[in-house]
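This is a predicted model, so every value here is computed, not measured.
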Amino acid sequence: MSKKKYYVVWKGKKTGVFSSWQACKRQIDGFEGAQYKSFFSLDEADIAFSKTYKDYKGKNTSKPNLTEKEKAEYGTPIAESLSVDAACAGNPGILEYRGVLTNSKKEIFKQGPFKNGTNNIGEFLALVHGLAILKKKNLKDYPIYSDSKIAMSWVHQKKCKTNIYFDSNNKELLDLIKRAEHWLLNNSYSNPILKWETKAWGEIPADFGRK
């Protein structure tokens, strides 16, 4: 059973704190530029509503914060590394993905928008794109971070196991997937693919900040 969440709407048909997704959705559906977020407790939601959306944009607020001791157990991310992420408006929807240097957030590549994609597809393509760039630059041991276990699994299996329907609207995306799978089948790499621990470190540096 999923834990109950509370939703803050800073900008919508009505603003305030709502105790269900359905109630929140009624306030933001069809409202251009809506600003909202979910929180794990009513107290956190009340505090958030007294502040601004900018204070929480790009932050994971739907889970309780770890204690300093719990954070210490995860250690710290490797600064000299590449971080990748994807953003998808809808499922399927308009997809983008990118890679940045973890320490500086300097963007190394960005692709999209693509029609009728999914976040998992984007995360997969971002990982393969990152691996290809690192190989081309001969950075054999340079780590690459992703916050998607599914995408990491697909890369290890050398297969994008999406069940999305492809047609003329997203043929470009299908072609990219085939190219990525072909690259994995015909190239080796030694770069560590590491899980970005969002609950301990915050959003991955490549995050698009649209949550």
Side-chain angles (χ1 to χ4, degrees), residues 1-3 5 21 25 28 36-38 57-63 74 77 81-102 105 107-135 142-189 191-211:
M1 183 181 294
S2 60
K3 294 182 179 179
K5 294 180 182 178
W21 168 240
K25 193 170 184 290
I28 62 175
Y36 62 98
K37 257 187 175 296
S38 62
K57 185 178 179 181
K59 296 180 180 179
N60 186 352
T61 58
S62 61
K63 295 180 181 179
Y74 286 94
S81 60
L82 184 68
S83 292
V84 301
D85 199 21
C88 193
N91 189 35
I94 302 300
L95 170 67
E96 297 174 89
Y97 70 81
R98 68 175 185 157
V100 307
L101 296 179
T102 301
K105 295 187 179 181
E107 191 170 87
I108 303 302
F109 63 85
K110 182 179 179 182
Q111 295 292 314
F114 304 109
K115 294 180 180 179
N116 292 0
T118 69
N119 198 66
N120 286 334
I121 291 174
E123 300 270 10
F124 169 78
L125 292 174
L127 271 175
V128 180
H129 196 141
L131 289 170
I133 285 179
L134 293 176
K135 180 162 187 173
Y142 206 79
I144 182 168
Y145 279 104
S146 170
D147 60 10
S148 171
K149 289 182 178 179
I150 291 175
M152 292 169 68
S153 172
W154 288 357
V155 169
H156 289 311
Q157 297 174 69
K158 306 181 188 296
K159 184 72 175 176
C160 180
K161 295 194 171 182
T162 182
N163 58 5
I164 190 173
Y165 175 74
F166 289 97
D167 56 22
S168 58
N169 286 321
N170 55 1
K171 182 180 182 299
E172 183 181 11
L173 199 56
L174 177 60
D175 290 343
L176 280 177
I177 291 172
K178 289 180 177 178
R179 283 176 56 189
E181 292 175 340
H182 182 268
W183 188 92
L184 289 171
L185 289 169
N186 291 276
N187 289 271
S188 60
Y189 59 88
N191 305 87
I193 299 177
L194 306 175
K195 176 70 170 63
W196 182 269
E197 301 294 351
T198 305
K199 56 186 176 182
W201 304 334
E203 295 296 340
I204 193 166
D207 182 71
F208 282 78
R210 299 173 187 171
K211 296 182 177 65

Would the distance check show the side chain of [X] and the main-chain N or O of [Y] forming a donor-acceptor pair, the cut-off being under 3.5 Å?
X	Y	answer
Ser81	Pro143	no
Asp207	Glu203	no
Trp196	Ser148	no

Tell me, yes or no, whether the heavy-atom count around [X] atom [atom1], taken from other residues, nucleotides or ligands under 6.0 Å, exceeds 12.
X	atom1	answer
Lys158	NZ	yes
Lys135	NZ	yes
Lys195	NZ	yes
Leu101	CG	yes

- [ ] Apply side-chain contact (heavy atoms from CB on, under 4.5 Å) to Leu82 and Tyr142, showing your working.
- [x] CA-CA 8 Å; Leu82 184 68; Tyr142 206 79; 4.3 Å; yes

TODO: Please test Arg98 against Glu107 for salt bridge (Lys or Arg N to Asp or Glu O under 4.0 Å), starting from the C-alpha separation and ending with a verdict.
DONE: CA-CA 7 Å; Arg98 68 175 185 157; Glu107 191 170 87; 3.1 Å; yes

Contact summary for [X] and [Y], nearest pair of heavy atoms:
X	Y	answer
Tyr145	Pro77	OH-CA, 3.4 Å
Leu173	Gly117	CD2-CA, 3.5 Å
Pro113	Glu96	CA-CG, 3.9 Å
Ile121	Cys160	CG1-SG, 4.2 Å
Lys115	Ile94	CA-CD1, 4.1 Å

Rounded distance [0.5 Å steps], [atom1] in [X] versus [atom2] in [Y]:
X	Y	atom1	atom2	value
Asp167	Asn116	CG	CG	6.5 Å
Ser168	Lys171	OG	NZ	10.0 Å
Lys105	Ser83	NZ	OG	9.5 Å
Leu174	Phe114	CG	CZ	12.5 Å
Leu184	His182	CG	NE2	11.0 Å
Glu123	Asp85	CD	CG	4.5 Å

Could you check if a side-chain atom of [X] sits within less than 4.5 angstrom of a side-chain atom of [Y], using non-hydrogen atoms only?
X	Y	value
Phe109	Val100	no
Lys110	Phe208	yes
Ile177	Leu125	yes
Asn120	Thr162	no

Task: Given Asp147, Leu131, Leu127, the one that forms side-chain contact (heavy atoms from CB on, under 4.5 Å) with Val84 - done: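 Among Asp147, Leu131, Leu127, the one that satisfies the side-chain contact (heavy atoms from CB on, under 4.5 Å) with Val84 is Leu127.
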
Open item on the list: side-chain contact (heavy atoms from CB on, under 4.5 Å) for Phe124 and Glu181? Distances and angles first, verdict last.
Closed with: CA-CA 10 Å; Phe124 169 78; Glu181 292 175 340; 4.2 Å; yes

TODO: Would you please classify the geometry between the Tyr36 ring and the Trp21 ring as parallel, tilted or perpendicular, with 30° and 60° separating the classes?
DONE: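 Rings of Trp21 and Tyr36: tilted, as their planes differ by 30° to 60°.
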
- [ ] Take Asn170 and Tyr165 through the side-chain contact (heavy atoms from CB on, under 4.5 Å) test and state the conclusion after the steps.
- [x] CA-CA 9 Å; Asn170 55 1; Tyr165 175 74; over 6 Å; no

Open item on the list: side-chain contact (heavy atoms from CB on, under 4.5 Å) for His129 and Tyr97? Distances and angles first, verdict last.
Closed with: CA-CA 10 Å; His129 196 141; Tyr97 70 81; 3.2 Å; yes

